[in-house]
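Down below is the structure, laid out as structure tokens.
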Protein chains: 2
Amino acid sequence: MNIGEASKASGVSSKMIRYYEQIGLISPALRTASSYRTYRDNDVHTLRFVRRARDLGFSVEQIKELLALWRDRSRASSDVKAVALEHIAELERKIAAIQEMTRTLKHLAGHCHGDDRPDCPIIEEIANGPAQVNTEVNPRFGVASLK
Amino acid sequence: MNIGEASKASGVSSKMIRYYEQIGLISPALRTASSYRTYRDNDVHTLRFVRRARDLGFSVEQIKELLALWRDRSRASSDVKAVALEHIAELERKIAAIQEMTRTLKHLAGHCHGDDRPDCPIIEEIANGPAQVNTEVNPRFGVASLK
DNA sequence: CTTGACCTTCCCATTATTGGAAGGATTATG
DNA sequence: CATAATCCTTCCAATAATGGGAAGGTCAAG
């Protein structure tokens with residue numbers, strides 16, 4: 001099986017297969033006399049492993065660890081779990097960060113008329129920072145009272 | 001004000017200020033006789049605009065649009081809103097993708113003992129793909145019945 | 001034997017940011 | 001004033017993962 005077939009069989013592009021080999025994520029493929037890379041079922045299995053891990057958002061570095069754990073049949077499941085939990089934590093940090101952005105943006109967009117007039121709280125906030133929000137119950141202390 | 005002070009005042013690193021100038025996001029700074037860049041309050045204002053937009057996850061390209069809209073005092077707020085909504089949509093796609101990953105990973109981690117034994121559903125799934133989940137109510141048709 | 005579809009390596013681009021080197025300018029201190 | 005520390009300048013490189021493409025070799029079908 002040459003690289004194109006291995007690519008189709010694994011869902012990893014030929015480009016990436018060569019790249020993974022180059023950076024040492026996977027071992028160098030066997031070569032034919034004319035230096036074509038050849039792959040066997042086992043290699044394709046590894047490539048699928050890599051693709052699934054990528055689909056789960058693991059970095060190449062983490063996949064290196066996971067591959068080592070996969071091959072080590074005497075690994076402790078706690079070792080695998082540690083990698084997974086660490087990754088989950090990172091993903092959740094990312095989600096929180098992005099959600100904070102959307103929260104702010106939705107709030108702003110919700111207050112933007114979105115019509116032909118130039119007045120726009122979205123660009124206002126980006127330009128001038130968080131607008132003073134009057135959360136004051138008593139208007140005597142609100143921003144409005146400063147006029 | 002030279003670049004270091006402008007950096008502190010705006011929260012954008014000197015490196016990035018130079019970069020933004022180089023790619024044309026901001027206009028070239030005035031220079032002293034000894035070619036030090038100098039910045040005035042107005043420039044710092046622009047830099048803050050850029051930083052806030054970055055904090056909201058806008059790409060440099062989008063910020064280019066936003067800056068143009070900001071400067072165009074006859075812009076339609078709908079134009080700003082369009083950029084924002086597009087960005088919100090993209091952020092939500094990202095969130096959904098990452099959440100799907102965490103959902104899967106948490107499920108797997110929840111079934112991993114995390115002890116000294118090698119048996120681990122996490123690495124199992126990465127290696128062999130989605131395990132057959134028996135969602136069948138009638139055991140006659142379940143995977144179990146294939147034994 | 002030609003043609004088309006593959007393969008090889010090598011280089012470049014992407015996005016936003018950081019790091020560093022080499023050298024000049026400014027500022028502070030002794 | 002001399003010198004040292006701290007700035008500034010430009011240029012080059014690296015990051016992470018992927019895609020695009022060129023130039024040239026190989027293979028299989030016709």
Side-chain angles (χ1 to χ4, degrees), chain A residues 1-26 28-40 43-44 47 49-67 86-87 90-91 93-94 97-98 101, chain B residues 1-26 28-40 43-44 47 49-67 86-87 90-91 93-94 97-98 101:
Chain A
M1 196 183 329
N2 57 27
I3 200 172
E5 297 166 305
S7 170
K8 269 174 207 155
S10 66
V12 180
S13 73
S14 302
K15 283 269 185 196
M16 290 313 295
I17 296 176
R18 292 193 198 98
Y19 173 70
Y20 290 149
E21 178 182 318
Q22 188 204 318
I23 65 174
L25 180 65
I26 60 180
L30 296 177
R31 303 290 188 117
T32 66
S34 50
S35 52
Y36 277 27
R37 288 175 180 81
T38 57
Y39 298 86
R40 285 153 313 171
D43 304 317
V44 172
L47 288 172
F49 183 103
V50 173
R51 194 187 55 71
R52 289 206 191 89
R54 290 289 305 135
D55 288 349
L56 288 171
F58 285 102
S59 70
V60 165
E61 271 317 301
Q62 286 171 315
I63 298 176
K64 234 175 234 181
E65 291 180 56
L66 291 172
L67 277 172
E86 169 79 25
H87 182 44
E90 197 188 319
L91 292 179
R93 280 192 296 274
K94 259 188 203 167
I98 303 179
M101 295 177 192
Chain B
M1 195 183 330
N2 57 26
I3 200 171
E5 297 166 305
S7 169
K8 269 173 207 155
S10 66
V12 181
S13 73
S14 302
K15 283 269 185 195
M16 290 313 293
I17 295 176
R18 293 193 198 97
Y19 173 71
Y20 290 150
E21 178 182 318
Q22 188 204 317
I23 64 172
L25 180 64
I26 60 180
L30 296 177
R31 302 292 188 115
T32 68
S34 51
S35 54
Y36 276 28
R37 288 176 179 81
T38 58
Y39 299 86
R40 284 155 313 173
D43 303 319
V44 172
L47 287 172
F49 183 103
V50 172
R51 194 188 53 71
R52 288 207 192 89
R54 290 289 305 135
D55 287 349
L56 288 171
F58 285 102
S59 71
V60 166
E61 272 316 302
Q62 287 172 315
I63 298 177
K64 232 175 235 180
E65 290 180 55
L66 291 173
L67 277 172
E86 168 79 24
H87 182 44
E90 197 188 320
L91 292 179
R93 279 192 295 275
K94 260 187 203 167
I98 303 179
M101 294 176 191

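The basis for the numbers below is simple: all heavy atoms, side chains too, and nothing from hydrogens, waters or symmetry mates. Note that this is a predicted model, so its numbers are computed, not measured.
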Exercise for the section: Output all residues satisfying side-chain contact (heavy atoms from CB on, under 4.5 Å) with I23(A), sequence neighbours left out; order by chain, then residue number. Expected result: Y19(A), Y20(A), L25(A), V60(A)
Handout entry: Nearest-nucleotide comparison on DNA chain C, the residue closer to the 5′ end among R18(A) and Y19(B)
Key = R18(A)
Exercise for the section: Can you establish whether the number of heavy atoms outside K64(A) located under 6.0 Å from its atom NZ is more than 12? Expected result: yes
Handout entry: Angle of first-five versus last-five pair axes in the helix from dC1(C)-dG30(D) to dG30(C)-dC1(D), to 10 degrees
Key = 20°
Practice task
Round to the nearest Å and state the distance from Y39(A) atom OH to dT8(C) atom C1'.
Solution key: 12 Å
Problem - Min side-chain heavy-atom separation E5(B)-K8(B) under 4.5 Å - result: no
Handout entry: Main-chain N/O of M1(B) paired to T38(B) side chain as donor or acceptor, under 3.5 Å
Key = no
Practice task
Between protein and nucleotides 22-30 of chain D, map the contacts as a letter string: B base, S sugar-phosphate only, - none, heavy atoms under 4.0 Å, written 5' to 3'.
Solution key: ---BBS---
Exercise for the section: Using atom CD1 of I3(B) as one end and atom C1' of dG24(C) as the other, report the distance to the nearest whole Å. Expected result: 16 Å
Problem - Sequence-distant partners of R54(B), salt bridge (Lys or Arg N to Asp or Glu O under 4.0 Å), two or more places apart - result: none
Exercise for the section: Check whether any side-chain nitrogen or oxygen of Y20(B) sits under 4.0 Å from OP1 or OP2 of dA16(C), and answer yes or no. Expected result: no
Exercise for the section: Find the distance Q22(B):CD to dA13(D):P and express it as a whole number of Å. Expected result: 14 Å
Fill in the blank from the handout: The correct set of residues in residues 55-67 of chain A placing a heavy atom under 4.0 Å from DNA chain D is S59(A), V60(A)
Exercise for the section: Just compare dT10(D), dC7(C), dT9(C) and give me whichever is closest to any side-chain atom of R31(B). Expected result: dT10(D)
Exercise for the section: Name the nucleic acid region contacted by R37(A), choosing base, sugar-phosphate or nothing; use a 4.0 angstrom heavy-atom cut-off, strictly under. Expected result: sugar-phosphate
Practice task
Can you sort out the partners of N2(B) under side chain to side chain donor-acceptor pair (under 3.5 Å), two or more places apart, ordered by chain and number?
Solution key: none
Exercise for the section: Name all residues meeting the side-chain contact (heavy atoms from CB on, under 4.5 Å) criterion together with Y36(B); count only those two or more places apart in sequence or in a different chain, and write none if there are none. Expected result: T32(B), S34(B)
Fill in the blank from the handout: Among the nucleotides dC6(C), dT18(D), dT18(C), whichever has the atom closest to the side chain of M16(B) is dT18(C)
Practice task
Please check the phosphate of dT18(C) (OP1 and OP2 only) for any side-chain N or O of S13(B) closer than 4.0 Å.
Solution key: yes
Problem - Donor-acceptor under 3.5 Å (H87(B) side chain, L56(B) main chain) - result: yes
Exercise for the section: Go through the structure and list residues passing side-chain contact (heavy atoms from CB on, under 4.5 Å) with R37(B), not counting sequence neighbours. Expected result: I3(B), R18(B), E21(B), A29(B), R31(B), Y39(B)
Fill in the blank from the handout: Rounded to whole Å, CG of N2(A) lies from C1' of dT8(C) at a distance of 12 Å
